Each structure stands twice: as structure tokens, then as C-alpha cells.
Amino acid sequence: MAESPITPRSKDFAAWYQDVVLQGDMAEPAEIVKGCMVIKPNGYAVWEGLQRELDSRFKETGHQNVYFPLLIPQSFLQKEAEHVEGFAPELAVVTIAGGKELEEPYVIRPTSETVIGHFFSRWIQSWRDLPVLMNQWANVVRWELRTRMFLRTTEFLWQEGHTAHATHGEAIAEALRMLDIYAEVAEQVMAMPVIKGRKTNSEKFAGALQSYSIEAMMQNGLALQSGTSHDLGQNFGKAFNVQFQNEEGRLDYVWQTSWGVSTRLIGGLIMTHSDDKGLVLPPKLAPVKAVIVPIFRKGEEGGAVLEAAHKIAKELGAKVDDRPGQTPGAKFFHWERRGVPVVLELGPRDLAAGNVVLKRRDTGVKEIVPREQAAEKLQAALARMQTDLFEKARKHLRDNCVLANSIDEVQAILGDVTAESGGGRFVMVHLKDDPACDARLKEFKATVRCIPLVDEYDGAGTCVVTGERVEQRVVVGKAY
RNA sequence: CGGGGCGUGGCUCAGCCUGGUAGAGCGCCUGGUUCGGGACCAGGAGGCCGGAGGUUCGAAUCCUCUCGCCCCGACCA
């Protein structure tokens, strides 16, 4: 792909984001299919990294992977009232197959609660069958009106966990446990700090009793819901007749949960760390952690440099950029925009002195290290970069959380904020979980992002809309 | 889905108003000189102008429809 300039963040955040995705060779619009994208090798490798990290944690907590059909009978969606209502506008429906009109159309799954409910009802008879802990890696389709690569595409990849439990308490614990796993992966692997919280009634998943989410803050101050888990109560159990006989011999409906993260995480990753030079990837997720750029003049000298470069690369597990006809400068730019965490320079001077030059992507700082310490220094630099990225992002998040004590104050802070303008904040305010309050925020396009599980502020107070007493401050912001 | 913008070699774009079947820069290929932050010279390949239809002797240019992308708004992982 041709390498073009990257629009500065300050000039146009949306354009910057798109440039970074394109120039970082992460993905490109599918052009032939509305709202879809092609995830390219550099982007898919990041997704594979996330899959690896998430999947191992799911397995450790007793979940098993399964796969359910892409196509769902339309009537299934209609069995849970809120669920249909929530998803109806964004469904893609198959009405013709095999050249014939179908008696009952199939919906392309927007999520799988319904099919899974159907099978749970067949599989679960006794309390001894519970809990059922399943996860599916799949693609889903939601006919979104407005799409942005990774952040919201018509088709996207995700994982959806589905579990069934004997008691409500167990289901709630499961939903919270998975939320913790999401937060752990976001913070420790992606270096993306998040706030864990509960969704308000109007923001929760269609068909859930309660939704939980992790909310991250992008560099423009907008919130990105980065993972959700739901306490589905017995809603789907009742809709799909998922009954079991409990220890007392009585029939009861199961308590279910579902939880998911998607390729949207990659969008979050990009908008958390990248800069005006392009993509910045945290070492733990970078497909290529280090590249050696050899520098030399003539044939003989080149031979020695290349030989040493390959030898060092082997020791370090790095890649050598030995493409001929490209100047070192061009190579530096190339890897920089692809987010490679560390670039090592190796030229005649280094060869003579027994050094290599190590340069970190995030800080741009060069360090000259003795060749025999290269492996050790590289590992140290990668580890340091991982924690530095997290700390930097966490500082950004903290610095942009502000308190407000009236709705006018909230509006003053967030009213003019857009994805392009930047300057977004998380405004911590006392607000009742009431649709009327959500509606008031909507007047200036803000939303309650979540009600934090851990209240880091001043506890109870007076709702800025209704004047009623509420237990804690909530996070209000503008979101993707 | 409504409003706005845009689709011309791989990329960025000019040409369109005032129809006469296409241009620039970058990239790419070949050869040579270069090589510590986007090298230079020379030669060369590559587009039928998003798609369909229409007007016309003739359409990238005008008209209609359609598809896609970007931005803004209403819906959302």
C-alpha cells in the first residue's frame, strides 16, 4: 500500500483515525460490501493476540467453546419482547434460499441468545446439568446506519459467552467475573485503562435485567464501550422454556448470562495509543515486536552488516528489514507507522563498536546498547513500554474525569464536544437511574456511560435532574 | 434513513462549468549511482474515467438511476 501522510489528531480526529488504520495496514473498507471492512494481516494478528489472551482466560474459568448457526429463524428473535424491539431495526434477513422464497425467513445473527436459549432448553433438565458455561467465537451482522472501521461495522468478529445457572446469585457472579476478565485484558494486555460499571436501565442490553460494561476513554475524550456482560435473569429462560429440576425437585427457569467483546477493541487500542506518526501497538499485542534496519554503503560492508543483523535477529526473535533499494530512512517510517514497538538500527559504526541502536516507538528515544546485552535490553524496553503506555493512558483518563454538580455544568463541559472537536471528558455527576435523566443528557448528546462498580468519589448526593437522593456519582460522557 | 461532500492508473488529485475517447506528482518495473530519518538520474509498464441507462455524429465532461466511501444528524458492540 502506498504510504501517505497522516492527518494530525489535532486537525481532524476522525481523519487521523482512518489514516492510522490504513497506513498501519490494519484494515481497509470492503468497498464492495456496505459498511464492511477487510481486516488485513497486521490487524488480524492483533485480533489473534486478543483471542489468545481472552480464550485462555475463558478456559481457565471453566468455559468451553462451541459454535451455533449463523442463521436464526426469524420467529426466535420474537420470543423475547425487549430483545426483538432492540434488534429489529438492525437485522439482515434471508428470505430466499435455493432459489425459493423461504416459508420462514432466517435472520443473520446479530447475537445468539435466542438460538442458544433454544438449545439450552433441550440440554438442561436437572440442577446437575448446571452451570452451563459456553463461549462462541463468531461473526455477527448488525445493519448499522453509520460505520467506522473496527468501531462499528456491519459485520464484525466477536466472542459471545453464554451461561446458564441455577440461581440468580450465581449468574450475577458470572457476569461480574467475566467483566473482570475483560478489564484485566484491556488493562494488562492492551494497556487500555477502563472503568467497570453498571449500565442504566435505558442503556442496558435488550432483554437483560442488568448490563455491565467496561468503558475506556479515547484520546479525544470520547468513551468507548469496550466490553459488556449481561445478567439476563430468567428472561430468555422463560422465552425458550429453559427449565430444570432443582434439588428440591421443583421446576425452575435457569438464570442466564451473556458477555462479549469484539473487534471494536482494536479500534479502542488504536485510539488509545497511536500518535501523529501512526500506529502504536503495545508490545504484548504487536505481531512484530522488533525490526532490525541494517545500514550500509557498499557491497562488502553490506555483507558484514546483513550477516550481523540476521545473527542478532535470530537471538532476539526480531525481523530484519533487508529489502534492497530502500533507504534506511524509508524503512524507519515504514515500521513506525505500522506500530512496531522497537526498531533496532545496525550500521558500520555500530558493528565496529559492537553496539546496536534501540529505538522505542512510543517515546522515540534511542538507546545505544552493547550487542551482547541486546536481548536483555530489548526485553526491558518492551516491558517498560507496555507499562508506560498504560500509565500514560491512565493519566489521560484521570486528568479528564471531572466533577459536576448541576446539569448545566455537565452541558457546559460536554455540550459542544464531538468526535472531531475532541476535548471530551468523563463527567462524574449525581444522577438517578431513570429514563427521564438519560433523556435530559440526550438533549446535548451525552449519555450515562456507566455507574461505576467502585465509587472513587464522594458517595451519595442529590440527582442533578430530579433532586432525589442517589447513592453515587455516575460517569457521563460522549461516546462512539 | 435525512442533509452535505466525493468516486478519474496502486495512492493523492487536475480535467467536467464552455462534450471531440486522459494528464500531473507520488508509487511500481529495469539499469546505474546512493544508503545513520521518506535518495538521485535515465528508461519503462500501467487507467476508458465507480456501475447501468439515456441525450448526442461524438460523453470522464450533460441527464436519470444505482453502488460505495467520508462528514453531519436520528439508532447502536
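Every chain is numbered from 1 and lettered A, B, ... according to where its sequence line falls, protein lines coming before strand lines. Quantities reported herein were computed from a predicted structural model and do not represent experimental measurements.
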Counting any heavy atom closer than 4.0 Å, what does A:Thr153 reach on the DNA or RNA strands: base, sugar-phosphate only, or nothing?
base
In this structure, how many angstroms lie between the P atom of B:rG10 and the CD atom of A:Glu28, rounded?
13 Å
Are any of the side-chain nitrogens in A:Arg394 or A:Glu187 under 4.0 Å away from the carboxylate oxygens of its partner?
no
Minimum-distance nucleotide to A:Arg337 side chain [options: B:rA77, B:rG38, B:rC70]:
B:rG38
By centroid distance (under 5.5 Å) and plane angle (under 30°), are A:Phe332 and B:rG38 in a stacked arrangement?
no
Give a yes or no on whether a salt bridge exists between A:Asp416 and A:Lys445, defined as a side-chain N under 4.0 angstrom from a carboxylate O.
no
Counting the benzene-type ring for Trp, do A:Tyr17 and A:Phe150 have ring centres under 6.0 Å apart?
no
Among B:rC70, B:rC75, B:rG38, the nucleotide that comes nearest once only the side chain of A:Glu144 is considered:
B:rC75
Would you kindly give the CG-to-P distance between A:Asp19 and B:rU12, to the nearest whole Å?
10 Å
Report which part of the nucleic acid A:Thr228 touches: base, sugar-phosphate, or nothing (heavy-atom distance under 4.0 Å, all strands).
nothing
For A:Ile368, I'd like to know if atom CD1 has over 12 heavy atoms of other residues, nucleotides or ligands within 6.0 Å.
no
Tell me what A:Glu336 touches on the nucleic acid: a base, only sugar-phosphate, or nothing, going by heavy atoms under 4.0 Å.
base
Scan A:Lys331 against the nucleic acid and name what it touches under 4.0 Å (heavy atoms): base, sugar-phosphate only, or nothing.
nothing
From the list B:rC71, B:rU34, B:rC76, which nucleotide is the closest neighbour of the side chain of A:Ala14?
B:rC71
Using whole Å, what does the distance between atom P of nucleotide B:rU12 and atom CD of A:Gln23 come to?
9 Å
Indicate, with a heavy-atom threshold strictly under 4.0 Å, whether A:Gly347 touches base, sugar-phosphate, or nothing.
base
